[in-house]
2 protein chains.
Amino acid sequence: MNNELVQYIKTYFGVSNSEDQTKIASFFKLEKLNRGDYFLKGGHVCHKFSFIREGILRVFAYHNGKEVTQWIATPGYFVTDLGSFIFNKEGSWVIQTSTDVELFTIDRSDYVKLIAQVPAWNSLEKLFLVSCFGAMEQRIFQHLSLTAEERYQVFFEANSELFNEVPLHYIASMLGMTPETFSRIRKKRIK
Amino acid sequence: MNNELVQYIKTYFGVSNSEDQTKIASFFKLEKLNRGDYFLKGGHVCHKFSFIREGILRVFAYHNGKEVTQWIATPGYFVTDLGSFIFNKEGSWVIQTSTDVELFTIDRSDYVKLIAQVPAWNSLEKLFLVSCFGAMEQRIFQHLSLTAEERYQVFFEANSELFNEVPLHYIASMLGMTPETFSRIRKKRIK
DNA sequence: GGATTCTCTTGACATTTATCAAGAAATTAT
DNA sequence: ATAATTTCTTGATAAATGTCAAGAGAATCC
């Protein structure tokens with residue numbers, strides 16, 4: 001387990017110092033959730049930051065009474081409501097497991113300790129956030145410059161496995177189209 | 001000048017320690033650009049991070065030979081190609097002034113010194129990035145859940161001054177619609 | 001200050017995407 | 001196993017948005 005987590009930490013934060021790796025890893029605890037459980041309920045403060053070892057979670061919010069999927073979080077990546085976790089304020093998102101899930105989780109009080117005990121942490125986390133920032137810029141750019149069909153294609157090429165793992169209307173929503181449009185694009189592309 | 005910059009630094013990073021404020025401010029230098037100048041040219045590495053004292057810059061990229069505006073940067077905010085600046089790699093964006101501009105600028109070598117001399121910096125910058133991260137999440141959510149007209153309305157309510165300061169087709173592009181659609185929405189709303 | 005370019009609008013029309021309704025297929029619950 | 005629910009597809013139609021073309025007005029250049 002620790003090796004796995006250490007690997008995530010290396011990948012995410014580029015920690016090369018092995019002492020830091022071990023120290024950072026020691027703050028995270030294995031957490032299991034059942035399918036359908038909430039990682040974060042609407043209107044609550046998010047007190048956890050987790051790497052996903054196994055399983056899938058969906059980040060969404062309501063708009064006009066409908067669920068709009070903002071992101072689908074998969075193994076090897078992290079999950080949290082970042083603003084809520086860092087600033088200890090009410091979250092913007094609902095986060096729910098879509099399958100049974102295994103996480104490496106740190107809660108806020110341990111996170112505070114981690115920052116105190118690993119001086120490099122803030123720098124590492126900053127670099128990590130800059131990477132995320134760039135990914136979000138690209139995602140916005142796609143909405144400014146691509147059609148629904150092109151967004152489908154780009155996403156499919158990078159995430160084809162996911163299409164067998166979650167209801168497709170989650171992906172449709174995350175790409176900013178209705179399930180019907182999504183279905184018609186698929187039909188066209190399979191021919 | 002310094003007071004102004006110190007104010008930005010307080011606003012952005014929530015620095016309360018006045019010694020840090022002064023120290024941070026001392027690394028930034030006033031830079032003036034003329035209208036039409038490039039802050040960052042396509043394919044180059046971005047070696048600056050700047051607060052905007054006066055004027056407007058546009059962040060864009062090309063798609064199918066057309067300029068797509070990703071962001072319009074205004075006074076009181078910052079401008080850079082973050083991933084390029086931090087990781088010293090080729091930028092994703094072109095950044096061009098839309099008016100004459102006055103900036104408080106730090107270049108990469110001074111940025112390295114700043115990090116070394118102000119221990120709190122990484123932590124401050126991290127918090128700043130988390131805020132930006134949340135803003136981008138919201139922007140994506142708007143593309144998933146709002147129509148062009150609704151995006152217009154939300155943006156107009158928060159940024160009405162901007163509509164007198166830049167060509168409207170920049171704003172149209174940034175909101176993910178054509179200038180024609182933008183124009184028709186305006187017509188409808190003015191009545 | 002006249003020419004040129006850029007900006008914005010408008011109309012006609014095409015295309016994309018959403019909506020509504022229905023049903024088949026798959027999954028889940030009892 | 002059966003029923004209930006969810007997921008996915010399909011068709012018909014409506015609405016939103018894009019494209020192309022033209023022109024008026026404003027800003028900019030020489």
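When reading the values below, keep in mind they use all heavy atoms of this one structure, side chains included, and skip hydrogens, waters and symmetry mates. Residue numbers begin at 1 in each chain, while the letters A, B, ... track the order of the sequences.
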Please examine the side chains of [Y] and [X], heavy atoms only from C-beta on, and report whether any two atoms are closer than 4.5 Å.
{"X": "B/Q142", "Y": "B/L175", "value": "no"}
{"X": "A/L57", "Y": "A/L103", "value": "yes"}
{"X": "B/N34", "Y": "B/T97", "value": "no"}

Listed partners of [X] passing side chain to side chain donor-acceptor pair (under 3.5 Å), at least two apart:
{"X": "A/N17", "value": "none"}
{"X": "B/T147", "value": "B/E150"}
{"X": "B/S50", "value": "B/T105"}

Inter-axis angle, terminal five-pair segments of the helix from C/dG1-D/dC30 to C/dT30-D/dA1 [nearest 10°]: 60°
Rounded to whole angstroms, how far apart are [atom1] on [X] and [atom2] on [N]?
{"X": "B/L146", "N": "D/dT17", "atom1": "CG", "atom2": "P", "value": "11 Å"}
{"X": "A/R184", "N": "D/dT9", "atom1": "CZ", "atom2": "P", "value": "11 Å"}
{"X": "B/I185", "N": "C/dT9", "atom1": "CD1", "atom2": "P", "value": "12 Å"}
{"X": "A/E150", "N": "D/dT17", "atom1": "CD", "atom2": "P", "value": "18 Å"}

Do any side-chain atoms of residues 157-172 of chain A form donor-acceptor pairs under 3.5 angstrom with protein atoms, and if so which ones, sequence neighbours left out?
from, atom 1, to, atom 2, distance (Å)
A/E157, OE2, A/Q153, NE2, 3.4

Interface with DNA chain C, restricted to residues 56-66 of chain B and to heavy atoms under 4.0 Å: none
List the atom pairs, donor and acceptor, that lie under 3.5 Å between side-chain atoms in residues 125-132 of chain B and the rest of the protein, sequence neighbours left out.
from, atom 1, to, atom 2, distance (Å)
B/E125, OE1, A/K126, NZ, 2.9
B/E125, OE1, B/Y111, OH, 2.7
B/E125, OE1, B/W121, NE1, 2.8
B/E125, OE2, B/Y111, OH, 3.0
B/K126, NZ, A/Y111, OH, 2.6
B/K126, NZ, A/N122, OD1, 3.2
B/K126, NZ, A/E125, OE1, 2.9
B/S131, OG, B/L127, O, 3.3

How would you list, by chain and number, every residue that makes a ring-ring contact (aromatic ring centres under 6.0 Å, His included) with [X], sequence neighbours excluded?
{"X": "A/F141", "result": "B/W93"}
{"X": "B/H143", "result": "A/H143"}
{"X": "A/F60", "result": "A/Y62"}

Sub-6.0 Å ring centroid separation between B/F49 and B/F51: yes
A/K187 vs D/dG11: side-chain N/O to OP1/OP2 distance below 4.0 Å: yes
Basic-acidic side-chain contact under 4.0 Å: A/D110, A/K113: yes
Check: protein-nucleotides 24-30 of chain D nitrogen or oxygen pairs below 3.5 Å:
from, atom 1, to, atom 2, distance (Å)
D/dT28, OP1, B/R35, NH1, 2.5

DNA chain D contacts among residues 152-183 of chain B, heavy-atom distance under 4.0 Å: B/G176, B/M177, B/T178, B/E180, B/T181
